[in-house]
Structure formats: C-alpha cells, structure tokens
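What follows is a set of notes on a single structure, which appears directly below.
Here the structure is a predicted model, which is why all the values come from computation and not from measurement.
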Amino acid sequence: MTGDPFVAHRSLLFTVAYEMLGSAADAEDVVQETWLRWADVDQDQVRDPRAYLVRTVTRQALNRLRSLSRRREDYIGEWLPEPILTTPDVADDVELAENLSIAMLTVLETLGPVERAVFVLHEVFETPYPEIAEAVGKTPAAVRQIAHRAREHVGARRPRMQVDRAEQEAVVAKFLAAVSTGDVQALVDVLAPDVVVVADGGGIATAARKPIVGARRVAAFLSKAAMLPDFVTATTWLNGMPGIRIDVGGEATAVSVVVEDGRITRVYAIRNPHKLGSLDKVADLRR
C-alpha cells in the first residue's frame, strides 16, 4: 500500500470508534489520539498497519467508553446516540447500515465496554478472535465466550428491522407527511399500536423525560409539534437509514425511526444541541 496507512484507514477507524462510542465527537477525539500514537511508532516495524491501527483505536475507545459510562449515569432524561449524516449508498451495505442505526447503537449501550468492543469488532468488522484478544487484553478463548454472550444479549434486544430500502423510504415519507400536517389519524395509521417514542434533550432542549408509548398518545404528542411556528421538516439520511430533520425556531431535531411490517415501531428524537453537530457534514464510513 502506498501513502500513509493512517490516512488510508481513517474512515474505518472513525467507523470503529463511532460504533463503540455512539458519539461522533468522541470518535473524532479517539481517532486523533490514535494518530498521535501512530506518529510516535516506528512504522517500518509494523507488519500489518490496518490491524495495528484498529487495535490502537479500540484501546483508546475502550478508555473513553469507561469514562463515558460514568458520565451517562448522571445524564438528564433518556440518553440516545449522536446521529450522523450519511449518504444513501451506506444503505447498500445492509449489515453495516443496521449496525450503525440509532436503534442498534441504543442496544449496544446495554453492553459493558469490553462486550461492546468484542461485538463490534467481530460482528461488524469481522476481526479474528486473536486480533480482538490483543486489542482488549483477553485470551482468544475468553473473547470467544464474550462474543457469544454479547451476541445473545444483542439478539434478544435488537429490533427486527425492515431492510427493504424502498419500503423504509415510503413509510418515512408517510410519517413525515402526517407529522408535517399534524394529521392525527394519518399518524395513527402509520404507527404500530405499541409504538414507543424516546426523546433526548439532555436537560438543554425541551424533550419528554420518559418514553411515550402507544399510537394514540404518540400521535397526539406529534400532532402538537406541527402547530409550532416555523415548523420545517425534511427527509435526510441518518446512520445509513432514511430519517427526518425537523427545525423549529432555529432548533434542530434529528428523528430516526424503526420500521417493522410496514409500520413505525420506534421513534428516536435527538434534540440535545451538543449531539447535532454532525448533521451538516456527511460522514465517510467504511468497513
């Protein structure tokens, strides 16, 4: 490979760090820390630069994840991942798009730091167990057991997502039209009976502190939003999935949804302004 391996693999390193942390800002910091360590190493002695860099970014992300876990315990209201703007072609890699989704990142939050690192490296990036073991400081046998536990844990909680892009886009379009007009019945029609809305304001932006459950309650809640002055909606691509951006009086909200059997089962609304810095720049994601 010609050129600097760090530059060649930077997008991969960001994707690994973001999958582990659920925060674009923290992922960027971790990638920067990885670059500093790469700059200090005798690169001629590194046999496999990609594996070395992934190992380094994993260790830095694990350190960051442990400190973030403590900070998130004190978070006001529901905590959701930081959304990132993506291009539609990210959805072409169905497995990557599903694992990058807000829904999946929310599930990954329920794993411990090492479990999350092992799951991400093995399930998403197909990293061999010996390489993961070196990155997380465990034996390959221990990593294999951790991966099995993490798979079972995630499998029991991950949504059975609709991966047909055309249907996803059609349902999101119906949802957007209903939200934009405040049409309660149209909202009820596109929502699953047991739909759940989770909002993240971080104690800064106004947001429901607890999840809202049930199509009627959710429809009534969303229809009121359309009555606000300067209410503007637009479709966008968030985390490899069709999503919605809502702007009200200069305040943005990123909305990600889960579609199952043609209806929306979960709505994630990120309103914390500290988490919306990545909505104006498309992220370059790689496996």
Side-chain angles (χ1 to χ4, degrees), residues 1-23 26-28 30-66 68-69 81 90 92-101 104-105 107-158 161 163 239-240 283-287:
M1 180 185 294
T2 58
D4 185 348
F6 177 84
V7 175
H9 296 304
R10 194 186 192 290
S11 295
L12 165 69
L13 300 177
F14 173 81
T15 310
V16 171
Y18 177 70
E19 271 278 329
M20 282 186 60
L21 297 166
S23 162
D26 287 306
E28 285 289 2
V30 162
V31 171
Q32 186 65 18
E33 289 162 9
T34 300
W35 180 81
L36 292 172
R37 280 158 177 73
W38 175 249
D40 281 345
V41 78
D42 182 354
Q43 294 166 21
D44 291 334
Q45 300 302 309
V46 179
R47 283 181 299 175
D48 185 343
R50 183 186 187 277
Y52 178 91
L53 288 165
V54 168
R55 190 161 64 241
T56 304
V57 84
T58 299
R59 288 172 179 164
Q60 297 307 312
L62 266 175
N63 292 339
R64 182 66 62 102
L65 197 54
R66 290 181 178 116
L68 285 176
S69 298
V90 172
D92 293 339
D93 185 340
V94 172
E95 190 176 16
L96 179 62
E98 281 196 16
N99 281 292
L100 279 170
S101 69
M104 186 60 165
L105 292 175
V107 172
L108 293 184
E109 277 296 308
T110 62
L111 291 172
V114 172
E115 284 181 312
R116 183 165 182 170
V118 169
F119 181 88
V120 166
L121 289 176
H122 190 258
E123 298 299 314
V124 185
F125 297 96
E126 299 174 348
T127 307
Y129 287 127
E131 280 186 37
I132 300 174
E134 207 172 339
V136 302
K138 305 279 185 184
T139 66
V143 164
R144 195 179 291 273
Q145 287 184 324
I146 292 168
H148 177 71
R149 285 200 309 270
R151 259 196 313 274
E152 286 194 334
H153 179 95
V154 171
R157 291 162 179 79
R158 72 188 302 167
M161 300 179 74
V163 296
N239 296 64
D284 185 12
L285 304 169
R286 301 280 172 85
R287 279 212 288 177

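Inter-residue side-chain proximity for N239 and Y18 is flagged as met; some heavy-atom pair is nearer than 4.5 Å. At a threshold of 4.5 Å between non-hydrogen side-chain atoms, the residues L21 and L65 count as touching. Between F119 and L108 the shortest side-chain heavy-atom distance falls below 4.5 Å. Counting heavy atoms from C-beta outward, L121 and R55 have side chains that stay 4.5 Å or more apart. Contact check for R287 versus T15: no side-chain heavy atoms found under the 4.5 Å cut-off. A heavy-atom distance below 4.5 Å is found between the side chains of F6 and V31. The side-chain heavy atoms of V54 and F125, taken from C-beta on, include no pair separated by under 4.5 Å. For the pair R50 and L12, the minimum side-chain heavy-atom distance is below 4.5 Å.
Rounding to the nearest 0.5 angstrom, the gap separating the CD1 atom in I132 from the CZ atom in R144 is 9.5 Å. A distance of 10.5 Å separates CG of D26 from CD of E28, quoted to the nearest 0.5 Å. Going from atom CZ of R157 over to atom CE of M104 covers 11.5 Å, rounded to the nearest 0.5 Å. In this structure, CG on L96 lies 11.0 Å from CZ on R286, to the nearest 0.5 angstrom.
Nearest heavy-atom pair across L62 and P113 is CD2-O, 3.4 Å. Pairing each heavy atom of A17 with each of V57, the nearest pair is CB-CG2, 4.2 Å. Of all the heavy atoms in A133 and T139, the pair that sits closest is CB-C, 3.8 Å. R59 and A135 get closest at one heavy-atom pair: CG-O, 3.2 Å. Contact between V30 and Q60 at its shortest, heavy atoms only, is CG1-CB, 3.7 Å. Across D284 and S11, no two heavy atoms sit closer than the pair OD2-OG, 2.8 Å.
Of the options E109, E123, E19, a salt bridge (Lys or Arg N to Asp or Glu O under 4.0 Å) to R116 is made by E109 and by none of the others. When each of V120, V118, V154, I146 is checked for a side-chain contact (heavy atoms from CB on, under 4.5 Å) with L111, only V154 meets the rule.
Around atom CZ of R151, more than 12 heavy atoms belonging to other residues, nucleotides or ligands sit under 6.0 Å away.
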Discussion item. Between L53 and R37, is the side chain to side chain contact (heavy atoms under 4.5 Å, CB included) condition met? List the steps.
Written reply: CA-CA 9 Å; L53 288 165; R37 280 158 177 73; over 6 Å; no
Item to complete: Would you please test W35 and L13 for side chain to side chain contact (heavy atoms under 4.5 Å, CB included) and show each step?
Response: CA-CA 10 Å; W35 180 81; L13 300 177; over 6 Å; no
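Ring pair H122/Y129 is parallel by interplanar angle, where below 30° counts as parallel and above 60° as perpendicular.
Judged by distance alone, the side chain of E131 and the main-chain N or O of P128 form no donor-acceptor pair under 3.5 Å.
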